[in-house]
Amino acid sequence: MFHIYCPYCEEHREEEEFHPKGQAHIQRPEDPEACSDEAWGDYLFFRDNPRGVHHELWVHAVGCRKFFNITRHTVSYEILETYKMGEQPTITAQNLPGKDKQSGVQAASGGWQTVGARPESEALNDASNQGARV
Amino acid sequence: MSDVREFNTRPAGSPGAESPLAWSFQRQGTPPREAKPGVTLREKAFLGHLVLRGGAIVLDEAVRETLGLALPARPNALVQDASGERSIQWLAPDEWLVIVPGGEEFALESQLRQALGQAHFSIVNVSGGQTVLTLRGENAREVLMKSTPYDIHPQAFPVGKGVSTVFAKATVVLRRPAEDTWELVIRRSFADYCYRWLLDAAAEYGVIVER
C-alpha cells in the first residue's frame, strides 16, 4: 500500500482513501466553437500514456474530498511529488534526476500536457524532440 | 440577512425521532453486561450537526460571534467549548463540522445566517443523517487499530484531533475529544454495519453498550 501525502490535509494517508482521476493539466479549448474537430477530439478523448513521469489528477475521496495532482513514475510507481490544484509541478520529465534516465527509462514526451488542444509549449509536443530525451 | 428559506427539521411537539441505531438496538440488542469491560460503547443520539462551507475568515468571525468558538484553521483540528458539548471540526480547507446539543442547531443556523449576511457560504443541517458513537475503555484503541488504517498512536493522534477516514469498509469521522474517549461520527446508512462491526471487534476484550 502507498502512503500518499495529501497537500490539503498536510499529512500522509493510506492509498485506500484516494481515487485516481486520470491525466492532469488538461486545458479546455478557450473557444470550443472556433477550434478544429481534431483539437476538440484531442481534448475530449486522447490522453498520454507515458513510460516515465506522469502528472495525474487524484482525489482524496474519503478525507477532505479535494482534488490535487500527483507526479508519478509509471515504471517504478514512485510518487515523486504531490501538489495542489492550480500549482505547477516542480518535477517534470525534463528535470528528473539523472539516475532515472540512465536506467533505460524513456521520459514521457513533454512529461505533461502533450495532447491538449493548447499545448503549453510547442517544443514539448514536437515528435522529433522525443528521441533526444531517451 | 440572507434570503435562504430555513425550516426547523424537528419543531417542538413533533413526533419522536428515532436514532440511526434504533433498529440495531432492537434487533441486535445490547451484549450482556461484563464485569470488567475493555470497551464501552455509547451512542450520543439526536445531536445537532451542521456542515459549514465557505471562506475561513468570514466563517471564523461568524462562529466566534454566535458560538464563542474559534474556527479551527489547522487541518484535522477539533475545538470544543469548556463543557465539551459544542465542537467544531476541520473537514476540508473550506468545510467544517459543527456539533451542538440537540435542539440548538436550528437557532444556531439562523444566527449564523444572520451573522454571515450576503457572504458566500453554505450551511447544511445534517443532524438526521449521522450520529455519534463514543468509544471508551482501555482496549478502545485496540478496537480502532483493527478497524481503520489510520495511525491512532497517541503521538500521531493527540487529543483535539479529528480526521475523516476509512473505518471497516465504511467511512467515518474519527475524533479524540479527550484522553480516554474516541468519537465516531457515522452515517445513518452505515450505522448498523458500524455498530455490529464494533461489537464483533470488541467482543474479545469484553464490551458493554450504555444506553
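By convention in this document, chain letters (A, B, ...) are assigned in the order of the sequence lines, proteins followed by strands, and residues within each chain are numbered from 1.
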Legend entry - Least distance between heavy atoms, A:Cys64 atom then B:Ala92 atom: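 Nearest pair, atom of A:Cys64 first, then B:Ala92: O-CB, 3.4 Å.
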Report, as yes or no, whether the 6.0 Å neighbourhood of atom [atom1] on [X] holds more than 12 heavy atoms from other residues, nucleotides or ligands.
X: A:Asn49; atom1: CG; answer: no
X: B:His153; atom1: NE2; answer: yes
X: B:Lys169; atom1: NZ; answer: no
X: B:Gln28; atom1: CD; answer: yes
X: A:His3; atom1: NE2; answer: yes
X: B:Arg53; atom1: CZ; answer: yes

Inset, instruction - Please check if any side-chain donor atom of B:Tyr150 sits under 3.5 Å from a side-chain acceptor atom of A:Glu11, or the reverse. - result: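 Side chains of B:Tyr150 and A:Glu11: pair found under 3.5 Å.
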Inset, instruction - Can you spot which of A:Glu15, A:Glu14, A:Arg13 makes a side chain to side chain contact (heavy atoms under 4.5 Å, CB included) with B:Pro149? - result: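 Result: among A:Glu15, A:Glu14, A:Arg13, A:Glu14 is the only option passing the side chain to side chain contact (heavy atoms under 4.5 Å, CB included) with B:Pro149.
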Legend entry - Residue, of A:Cys6, A:Cys9, A:Ala61, that accumulates the most heavy atom pairs under 4.5 Å with chain B: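 Looking at each of A:Cys6, A:Cys9, A:Ala61 in turn, A:Cys9 comes out on top.
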Inset, instruction - Mind ranking B:Val173, B:Asp94, B:Asp151 by heavy-atom pairs under 4.5 Å with chain A and telling me who comes out on top? - result: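 When all of B:Val173, B:Asp94, B:Asp151 are compared, B:Asp94 has the most.
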Inset, instruction - Output the residues of residues 154-167 of chain B for which the shortest heavy-atom distance to chain A is under 4.5 Å, in residue-number order; output 'none' if no such residue exists. - result: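 So far as heavy atoms go, B:Lys161, B:Val163, B:Ser164, B:Thr165, B:Val166 are the residues that approach chain A to under 4.5 Å.
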Legend entry - CD-OG1 distance between A:Glu17 and B:Thr171, expressed to the nearest 0.5 angstrom: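 One gets 10.0 Å once the value is rounded to the nearest 0.5 Å.
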